Peer 1: 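Just passing along the structure, written as structure tokens.
As the structure is a computational prediction, the values presented were derived from the model and not from experiment.
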Amino acid sequence: MTWCRCPTRRACPSGRASSRRTGGRLPEHAFPFRFAFDPGALSRGQLARHGHWDLKVQLRGHGLRLDGRVAGPRWLPPLIPVPRRKAGVWLVPARNAKGAWGVRLRTAEAIIGEYRVDGGELILSGEMTDVGDGEPVLRLQRRSDGEEMYFPVALAGQDFHARVPLADIDERVGHESWWEVVIDQGTALRPLVRTRQRAVATVDERRFLIDRAEDGCLLLAER
């Protein structure tokens with residue numbers, strides 16, 4: 001395992017109390033913090049190893065050491081920072097389906113520059129480095145069972161534009177469903193999302209979240 005240290009900008013403990021099972025109050029402490037990550041902290045060798053870096057916090061004091069991943073509810077703020085590029089590699093801050101934070105190192109053959117929900121439709125646009133010879137389609141693939149849905153993609157040179165009527169998406173399986181968004185042009189392109197945007201929309205009494213997945217691609221969820 002390789003570690004990359006992030007400098008701490010702010011740490012200010014706050015305290016609150018909760019009830020003991022046997023009665024009385026048990027003190028509880030929270031430690032809000034902020035940090036800055038400099039892509040320059042990664043060497044060329046580390047940048048060449050594409051993959052996922054977990055974001056962890058280590059707490060030390062009075063002989064105690066605690067380690068844990070940084071995580072939080074997926075459906076709540078804060079917004080995920082935008083990707084940054086260094087030495088031809090994209091550094092993508094992202095969270096997984098359980099809300100755990102990390103940084104993904106990857107390349108990108110397609111980029112989504114903007115997306116929004118308008119009139120019950122997910123509208124997205126971006127650019128591909130190579131449009132190929134065929135007609136690309138937008139493919140939604142459900143993580144739980146591999147179910148797929150397809151939607152048309154309009155091209156103008158290397159720019160693409162697509163609309164997904166949210167009401168047409170298959171209803172969720174179980175408590176929630178997660179769909180990965182892929183551009184299929186004979187080969188699957190996993191477009192990198194470059195915007196800070198995140199949308200939560202209710203369509204026909206169905207609640208959707210549109211966010212960035214742990215690999216930087218667009219993720220559509222229904223709860």
Peer 1: Is the closest side-chain heavy-atom distance between L209 and L220 below 4.5 Å?
Peer 2: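 The answer is no; the side chains never approach within 4.5 Å.
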Peer 1: Go through the structure and list residues passing side chain to side chain donor-acceptor pair (under 3.5 Å) with R116, not counting sequence neighbours.
Peer 2: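 Not a single residue meets the side chain to side chain donor-acceptor pair (under 3.5 Å) criterion with R116.
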Peer 1: Considering all heavy atoms of both residues, which atom of Q158 and which atom of T129 are nearest to each other, and what is their separation?
Peer 2: NE2-O, 2.7 Å
Peer 1: Would you please name every residue forming a salt bridge (charged side-chain N to carboxylate O under 4.0 Å, His left out) with R172, sequence neighbours left out?
Peer 2: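 Once residues adjacent in sequence are excluded, R172 has no partner under the salt bridge (charged side-chain N to carboxylate O under 4.0 Å, His left out) criterion.
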Peer 1: Any non-hydrogen side-chain atom of S125 less than 4.5 Å from a side-chain atom of I112?
Peer 2: no
Peer 1: Any idea which heavy atoms bring R106 and C217 closest together, and the distance?
Peer 2: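 Nearest heavy atoms, R106 then C217: NH1-SG, 3.4 Å.
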Peer 1: Can you name the residues that form a salt bridge (charged side-chain N to carboxylate O under 4.0 Å, His left out) with D130, not counting sequence neighbours?
Peer 2: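 Residues passing salt bridge (charged side-chain N to carboxylate O under 4.0 Å, His left out) with D130: none at all.
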Peer 1: Can R69 and L55 be said to form a side-chain contact (heavy atoms from CB on, under 4.5 Å), step by step?
Peer 2: CA-CA 6 Å; R69 295 192 64 179; L55 179 59; over 6 Å; no
Peer 1: Taking only residues two or more places apart in sequence, or in another chain, which ones meet D145 in a side chain to side chain donor-acceptor pair (under 3.5 Å)?
Peer 2: R142
Peer 1: What salt bridge (Lys or Arg N to Asp or Glu O under 4.0 Å) pairs are there with at least one residue in residues 146-166, not counting sequence neighbours?
Peer 2: E121-R163, R139-E148
Peer 1: Output, in order, the C-alpha distance, side-chain angles, deciding distance and verdict of side-chain contact (heavy atoms from CB on, under 4.5 Å) for M149 and V164.
Peer 2: CA-CA 10 Å; M149 300 188 68; V164 178; over 6 Å; no
Peer 1: Grab the two heavy atoms, one from V203 and one from F208, that are nearest each other, plus how far apart they are.
Peer 2: CB-CE1, 4.3 Å
Peer 1: Apply the hydrophobic cluster definition, ILVMFWY joined by side-chain contacts under 4.5 Å directly or through others, and give me every member besides I111.
Peer 2: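 Under the 4.5 Å side-chain rule, I111 groups with W90, V92, L192.
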Peer 1: For a side-chain contact (heavy atoms from CB on, under 4.5 Å) check, start with the C-alpha distance between V181 and L140, then their side-chain angles and the critical distance, and finish with the verdict.
Peer 2: CA-CA 5 Å; V181 179; L140 269 60; 4.2 Å; yes
Peer 1: Grab the two heavy atoms, one from E222 and one from D170, that are nearest each other, plus how far apart they are.
Peer 2: OE1-O, 3.9 Å
Peer 1: Please evaluate residues E109 and M128 with respect to the criterion side-chain contact (heavy atoms from CB on, under 4.5 Å), reporting the C-alpha separation (whole Å), side-chain torsions for both, the decisive distance (0.1 Å), and the verdict.
Peer 2: CA-CA 6 Å; E109 297 174 304; M128 292 188 289; over 6 Å; no
Peer 1: For the CH2 atom of W178 and the OG atom of S144, what is their distance to the nearest 0.5 Å?
Peer 2: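 Nearest 0.5 Å value for the CH2-OG distance: 12.0 Å.
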Peer 1: Tell me, do Y115 and V193 make a side-chain contact under 4.5 Å, heavy atoms counted?
Peer 2: yes
Peer 1: Keeping the roles fixed (side chain from R212, backbone from P93), state whether a donor-acceptor pair exists under 3.5 Å.
Peer 2: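 Between the backbone of P93 and the side chain of R212 there is a qualifying donor-acceptor contact (under 3.5 Å).
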Peer 1: For P152, enumerate each residue passing the side chain to side chain contact (heavy atoms under 4.5 Å, CB included) test, keeping only those at least two apart in sequence or located in another chain.
Peer 2: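 For P152 there are no side chain to side chain contact (heavy atoms under 4.5 Å, CB included) partners, ignoring immediate neighbours.
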Peer 1: To the nearest 0.5 Å, tell me how far F151 CZ sits from D168 CG.
Peer 2: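 These two atoms lie 6.0 Å from each other.
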Peer 1: Please identify each residue that fulfils side chain to side chain contact (heavy atoms under 4.5 Å, CB included) with T187, with sequence neighbours left out.
Peer 2: Q185, L189
Peer 1: Could you state the interatomic distance from CG (L105) to CH2 (W53), rounded to the nearest 0.5 Å?
Peer 2: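 Separation between the atoms: 7.5 Å.
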Peer 1: For R85, check salt bridge (charged side-chain N to carboxylate O under 4.0 Å, His left out) against everything at least two apart and list the hits.
Peer 2: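 Partners of R85 under the salt bridge (charged side-chain N to carboxylate O under 4.0 Å, His left out) test: none.
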Peer 1: With sequence neighbours excluded, what pairs up with V137 under the side chain to side chain contact (heavy atoms under 4.5 Å, CB included) test?
Peer 2: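 Here the qualifying residues are Y150, D184.
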Peer 1: Between T202 (side chain) and E205 (backbone), is there a donor-acceptor pair under 3.5 Å?
Peer 2: no
Peer 1: Can you tell me if CZ on R104 sees more than 12 non-hydrogen neighbours from other groups inside 6.0 Å?
Peer 2: yes
Peer 1: Atom CG in L124, atom CG in L138: separation rounded to 0.5 Å?
Peer 2: 5.5 Å
Peer 1: Between the side chains of R143 and E180, is the shortest nitrogen-to-carboxylate-oxygen separation below 4.0 Å, so that they form an ion pair?
Peer 2: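 Here E180 pairs with R143 in a salt bridge, since their nearest N and O are under 4.0 Å apart.
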Peer 1: With the side chain counted from C-beta on, respond yes when R207 and V200 share a heavy-atom pair under 4.5 Å apart, and no when they do not.
Peer 2: yes
Peer 1: Compare every heavy atom of I210 with every heavy atom of R198, then report the nearest pair and how far apart it is.
Peer 2: CG-O, 3.3 Å
Peer 1: Applying a strict under-4.5 Å side-chain criterion to I, L, V, M, F, W and Y, I'd like to know whether V182 and I123 cluster together.
Peer 2: no
Peer 1: List the residues meeting side chain to side chain donor-acceptor pair (under 3.5 Å) with T195, not counting sequence neighbours, and say none if there are none.
Peer 2: Q197
Peer 1: Could you pull out all residues at least two apart from L64 that satisfy side chain to side chain contact (heavy atoms under 4.5 Å, CB included)?
Peer 2: L66
Peer 1: Any idea which heavy atoms bring R206 and I169 closest together, and the distance?
Peer 2: NH2-O, 2.8 Å
